[in-house]
There are 2 protein chains.
Amino acid sequence: MKKDVFRYNSCPAYRSMAILGSKWKPIIIYMLRERKARFGQLHAAIGTISKKVLTDMLKELETDGVLLREEFKELPPRVEYSLTEKGSTLVPIIVQLARWDNMHYESLTTTVS
Amino acid sequence: MKKDVFRYNSCPAYRSMAILGSKWKPIIIYMLRERKARFGQLHAAIGTISKKVLTDMLKELETDGVLLREEFKELPPRVEYSLTEKGSTLVPIIVQLARWDNMHYESLTTTVS
DNA sequence: CGGAATCCGTTATGATACTG
DNA sequence: CAGTATCATAACGGATTCCG
């Protein structure tokens with residue numbers, strides 16, 4: 001369930017990498033940088049992620065204290081995800097990573113300001 | 001061979017994550033930040049990495065243009081690895097990741113200045 | 001010394017169908 | 001709508017042995 005790949009002593013940044021070092025987590029966090037979003041919105045926005053994997057990622061991010069899950073007991077159900085303060089501190093790092101991409105490879109459709 | 005986990009369109013930072021999002025690459029890059037090192041030195045310094053995996057990581061990093069491999073045709077053989085300019089630009093990012101770790105979790109033996 | 005070659009377990013991610 | 005439950009697979013990381 002946890003990223004055992006990044007384990008003690010392997011890397012001085014293993015905890016941040018345990019959070020960012022997966023295929024979908026950076027973009028999930030980045031999407032929540034300004035406003036909360038519902039499960040379905042995230043699923044549609046990311047497009048190619050499966051619901052199972054999205055669920056898994058959201059759970060892990062919540063466990064890591066990076067995001068908050070609000071469940072409204074309605075019908076149909078509604079669940080909103082938002083970044084915690086801790087999660088917000090990851091945004092500039094993600095921006096830097098994306099910027100590195102843009103600097104070292106060309107022509108990305110997605111631009112990070 | 002490549003990190004297929006970080007694939008096109010999945011993440012605006014997928015290229016940097018393909019480099020940093022593995023168990024050993026950040027620490028390898030960080031170790032080379034000031035001076036070149038030989039295969040055996042890296043192997044000993046990291047301690048718990050297997051030779052196969054170290055070889056794999058070094059090959060991928062070389063392919064990605066992050067480090068340079070110099071082979072001296074001697075006996076016994078000597079191979080030196082060093083960061084390229086492109087590789088050097090990753091160091092501050094790794095430092096930031098490590099710093100994030102230190103800020104959000106306590107008491108790490110390894111401190112990054 | 002610096003690998004290469006094999007073999008192998010675990011984990012991350014995915015496709016699909018189903019549900020309160 | 002927001003998930004669960006199954007099942008499947010490829011890739012990541014590792015142990016071990018052998019080699020010029």
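Throughout, protein chains are lettered first and strands after them, A, B, ... in sequence-line order, and every chain is numbered starting at 1.
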Rounded to the Å, how far apart are A:Glu71 CD and D:dT4 C1'?
-> 14 Å
Between atom CD1 in A:Ile28 and atom P in C:dA12, what is the gap in whole Å?
-> 15 Å
Mind checking side-chain contact (heavy atoms from CB on, under 4.5 Å) for A:Glu85 and listing every partner two or more places apart, or none if nothing turns up?
-> none
Could you tell me the separation between the NZ atom of B:Lys73 and the P atom of C:dC1, rounded to a whole number of Å?
-> 18 Å
Between atom CD in A:Glu74 and atom C1' in D:dA2, what is the gap in whole Å?
-> 12 Å
Go through C:dG14, D:dT4, C:dC1 for me and flag the one nearest to the A:Val53 side chain.
-> C:dG14
Determine the minimum heavy-atom distance between B:Tyr14 and A:Asp101, stating which atoms define it.
-> N-OD2, 3.3 Å
Candidate nucleotides D:dG14, D:dG3, C:dG3, ranked by approach to the side chain of A:Phe39 - the nearest = D:dG3
Under 3.5 Å: donor-acceptor pair, side chain of A:Lys86, backbone of A:Asp64 = yes
Can you list the residues that meet the side chain to side chain donor-acceptor pair (under 3.5 Å) rule with B:Glu70, with sequence neighbours excluded?
-> B:Lys36
Just the table, please: protein N/O against nucleotides 16-20 of chain D N/O, every pair under 3.5 Å.
none

Please state whether the phosphate of D:dG3, meaning OP1 or OP2, lies under 4.0 angstrom from any side-chain nitrogen or oxygen of A:Arg69.
-> yes
What nucleotide, of D:dG14, C:dG2, D:dA2, holds the atom closest to the side chain of B:Lys23?
-> D:dG14
Over how many whole Å does the gap from B:Met57 atom CE to C:dG3 atom P extend?
-> 14 Å
Under 4.0 angstrom, heavy atoms only, what part of the nucleic acid is A:Phe72 near: base, sugar-phosphate, or nothing?
-> nothing
Of the listed C:dT13, D:dT4, D:dC1, the closest approach to the A:Pro76 side chain comes from D:dC1
In whole angstroms, how far is the P atom of C:dG3 from the CZ atom of B:Arg38?
-> 10 Å
Contact summary for A:Leu68 and A:Thr84, nearest pair of heavy atoms = N-CG2, 4.0 Å
Counterpart residues, side chain to side chain donor-acceptor pair (under 3.5 Å), relative to B:Lys52 (two or more places apart) = B:Asp56
Does B:Trp24 make a side-chain N or O approach to OP1 or OP2 of D:dG14 shorter than 4.0 Å?
-> yes
Terminal helix-axis angle for the helix from C:dC1-D:dG20 to C:dG20-D:dC1, with five pairs defining each axis and rounding to 10 degrees = 50°
Using atom CG of B:Asp56 as one end and atom C1' of C:dC8 as the other, report the distance to the nearest whole Å.
-> 14 Å
Any chance you could measure B:Lys23, atom NZ, to B:Ile46, atom CD1, to the nearest 0.5 Å?
-> 11.0 Å
Using a 4.0 Å heavy-atom cut-off across all strands, classify A:Lys59 as base, sugar-phosphate, or nothing.
-> sugar-phosphate
To the nearest angstrom, how far is B:Leu54 atom CG from C:dC1 atom C1'?
-> 13 Å
Is there a side chain to side chain contact (heavy atoms under 4.5 Å, CB included) between A:His104 and B:Thr89 once you walk through the steps?
-> CA-CA 10 Å; A:His104 293 275; B:Thr89 62; 3.3 Å; yes
Residue from A:Leu67, A:Leu20, A:Leu61, A:Leu58 passing side chain to side chain contact (heavy atoms under 4.5 Å, CB included) with A:Lys25 = A:Leu61
Residues in side chain to side chain donor-acceptor pair (under 3.5 Å) with B:Arg33, at least two apart?
-> none
